[in-house]
Structures are given as structure tokens and as C-alpha cells.
Amino acid sequence: MTTGRPGPLGGRPAATTRGRLSAVAIDLFTTRGFDETSVDDIASAAGIARRTLFRYYPSKNSLAWGEFDEHLQGLRALLAATPVDTPLGESLINALVQFNEVPHDLLEQHRSRMALLLGVPALQAHSMIMYADWRQVIAEHCASRLDVDADGHLPQTIAWMTLGTALAAYDQWLIDPTSDLTELLQIGGRALVDGVGSLATTRSPEPLRS
């Protein structure tokens, strides 16, 4: 098995130099704090020059994301490999679950990365840029199935909903270390596909106030 850290919204381990540098950064961010860790600290821990580090990553924020472009290509490949007779919703659930599969021995490492991405304000702001690219991959897949423009309202709406499903699963997974990420993604994905209207009512409606 290759070693390294899984990437954001994607559990595959990273084995390249970029992946190793990201792993070093995640360790330092987790133990020292994101704001307290400098690029020089990361370069020193990795045994490279600061200038060399910037050949692989343009900023400290981007280090936390690892090999994001490669992960996007992986997501595209998963969606493209879906049989044409698979319903659109099922194709999204299957890709979401497969894309976020994490080897058991890397679960805690992946948890550290996602805790940073979802919890550090500076990274949250940067994440909006990264998530836009992730959503576009989903929108393009939906557009090809629906025969519409990928930038249109419907594909973009589905893309936002799919991202929300993934982030909600990660949020719950970080809150409860005993929870199962795959199960959370499947439950959320099913709610996404079936719609909230299919959910059983578990509490009586509040009476209208005059």
C-alpha cells in the first residue's frame, strides 16, 4: 500500500512529492496550529528550501489541500465510468462514496486534514475557491446526462446540493469519531436523491400562531 495522506473530499493516499509535502504541512498545522506554522517551518521539516516548496504549492493555504487537481481528475474518471443506464442520482451517490473511500490506517490522518479545512477560518475562505472547481465537475456530469449547459441553474443546483451532502457527512464524522464516513455519505446521498419529501415525519407539526 502506498503511504501518505488522503486528499480533501477524496480518500486516496498521496504518494508524490506534492503529497508528502502536504502531509508534512498537515502534521505541523495540527500540532502547532495553522497560524503559528510558517512556510519556512514546513520547508525545514520537509528538508527542502522555501523556494523549492513554492514550486509545488503557491501558498500555505494550498498545502492543506494536497493534490487537489489530481483528485478532481479522479472524480471525473469515476463519473465518466458510470454506465449510461445508471440513474443520475445513483451515479452521484456511487461516485461520492467511492471518491471518499479512505483506507482504515489513514482515517485519523484524513480526519486531521478535514478538521483543518472545515475549522480554520483562513482555510474556510480558501476552500470556497477549491469547492467551486469540485462543484463544476459534478455540474458537468449532470449537464451531460440532462443535455443542458453545465453553467445552467439545474446542474449548478445539483452540484451545490452534492457538495452540501459531502460536507454535512464530514461535519458529522468530525463531531463523532465513532461514526462511519461511508455510511454518512450514503445516508446523505439517499436524502439528496429521494428528496426531503420522502422522509418520514417524526414529529407533529407546530400549531399555527395567530
Side-chain angles (χ1 to χ4, degrees), residues 4-23 25-26 29 34 39 53-82 88-89 91-102 109-171 173-174 181 184-185 188-189 192:
R5 301 275 184 163
L9 301 180
R12 294 158 188 76
T16 67
T17 299
R18 295 185 73 243
R20 189 179 72 83
L21 287 176
S22 180
I26 291 296
F29 294 157
F34 180 80
V39 171
L53 187 149
F54 281 121
R55 293 175 184 170
Y56 293 97
Y57 289 98
S59 67
K60 188 173 81 167
N61 287 351
S62 62
L63 274 157
W65 279 86
E67 299 171 290
F68 184 65
D69 290 341
E70 288 81 355
H71 286 293
L72 284 184
Q73 291 302 323
L75 179 58
R76 284 193 178 92
L78 282 173
L79 292 168
T82 304
L88 176 58
S91 73
L92 293 176
I93 293 178
N94 294 339
L96 198 60
V97 170
Q98 291 179 55
F99 184 64
N100 287 283
E101 287 178 346
V102 184
Q109 297 175 343
H110 191 44
R111 192 184 301 275
S112 295
R113 181 189 298 275
M114 295 309 298
L116 289 165
L117 292 177
L118 297 179
V120 175
L123 290 175
Q124 289 175 332
H126 184 72
S127 295
M128 293 305 296
I129 300 172
M130 311 301 280
Y131 290 149
D133 292 336
W134 192 92
R135 293 196 318 272
Q136 192 62 22
V137 173
I138 299 295
E140 289 169 359
H141 172 70
C142 294
S144 68
R145 289 297 189 91
L146 300 172
D147 194 24
V148 296
D149 187 346
D151 293 326
H153 179 240
L154 188 55
Q156 290 296 322
T157 297
I158 298 172
W160 273 102
M161 293 168 65
T162 305
L163 175 62
T165 297
L167 293 180
Y170 272 107
D171 185 62
W173 185 57
L174 293 175
L181 179 59
L184 291 169
L185 288 165
L192 168 67

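Every value quoted in this text rests on a predicted model; they were computed, and no experiment measured them. This chain uses plain numbering: 1 for the first residue, then up along the sequence.
Considering only heavy atoms from C-beta on, Y57 stays 4.5 Å or farther from V39 through its side chain. Contact of the L88 side chain with the S91 side chain is registered, since non-hydrogen atoms from C-beta on lie closer than 4.5 Å. Between I138 and L75 the shortest side-chain heavy-atom distance falls below 4.5 Å. Annotation: side chain of R145 is in contact with side chain of T82 (closest heavy-atom distance under 4.5 Å). Using a 4.5 Å heavy-atom cutoff, the side chains of L154 and L146 are in contact.
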Show your reasoning for whether side chain to side chain contact (heavy atoms under 4.5 Å, CB included) applies to H71 and W65. CA-CA 10 Å; H71 286 293; W65 279 86; over 6 Å; no
Verdict with supporting geometry, H126 and L117, side chain to side chain contact (heavy atoms under 4.5 Å, CB included): CA-CA 9 Å; H126 184 72; L117 292 177; over 6 Å; no
Side chain to side chain contact (heavy atoms under 4.5 Å, CB included) between F68 and D133, intermediate numbers included: CA-CA 10 Å; F68 184 65; D133 292 336; 4.1 Å; yes
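The side-chain hydrogen bond (donor to acceptor under 3.5 Å, both in side chains) analysis of residues 148-162, with sequence neighbours excluded, yields the pairs Q136-D151, Q136-Q156, H153-T157.
In plain terms, the two heavy atoms of L21 and Y56 that are nearest each other are CD1-CD1, 3.7 Å. Taking all atoms of both residues into account, the shortest heavy-atom contact from L72 to W134 is CD2-CA, 3.7 Å. The two residues L118 and D171 make their nearest non-hydrogen contact at CD1-N, 4.4 Å. Heavy atoms only, all atoms of each residue included: L63 and R113 are closest at O-NH1, 4.2 Å. Contact record, P155 with V148: CG-CG2, 3.5 Å, taken as the closest heavy-atom pair. The nearest pair of heavy atoms linking R18 to E67 is NH1-CA, 3.5 Å.
How far CG of L184 is from CH2 of W173: 10.0 Å, rounded to the nearest 0.5 Å. Here the CG-CE distance, from L92 to M161, works out to 10.0 Å after rounding to the nearest 0.5 Å. Between atom CG of residue L123 and atom CZ of residue F29 there is a gap of 7.0 Å, rounded to the nearest 0.5 Å.
A perpendicular orientation is assigned to the rings of Y170 and H110, their planes being inclined by more than 60° (bins at 30° and 60°).
The salt bridge (Lys or Arg N to Asp or Glu O under 4.0 Å) check on R111 picks up E108, with sequence neighbours excluded. Legend: residues meeting side-chain contact (heavy atoms from CB on, under 4.5 Å) with T165, ordered by chain and number and at least two apart, are L96, L192.
No donor-acceptor distance shorter than 3.5 angstrom exists from the side chain of S22 to the backbone of G19, with no hydrogens or angles considered.
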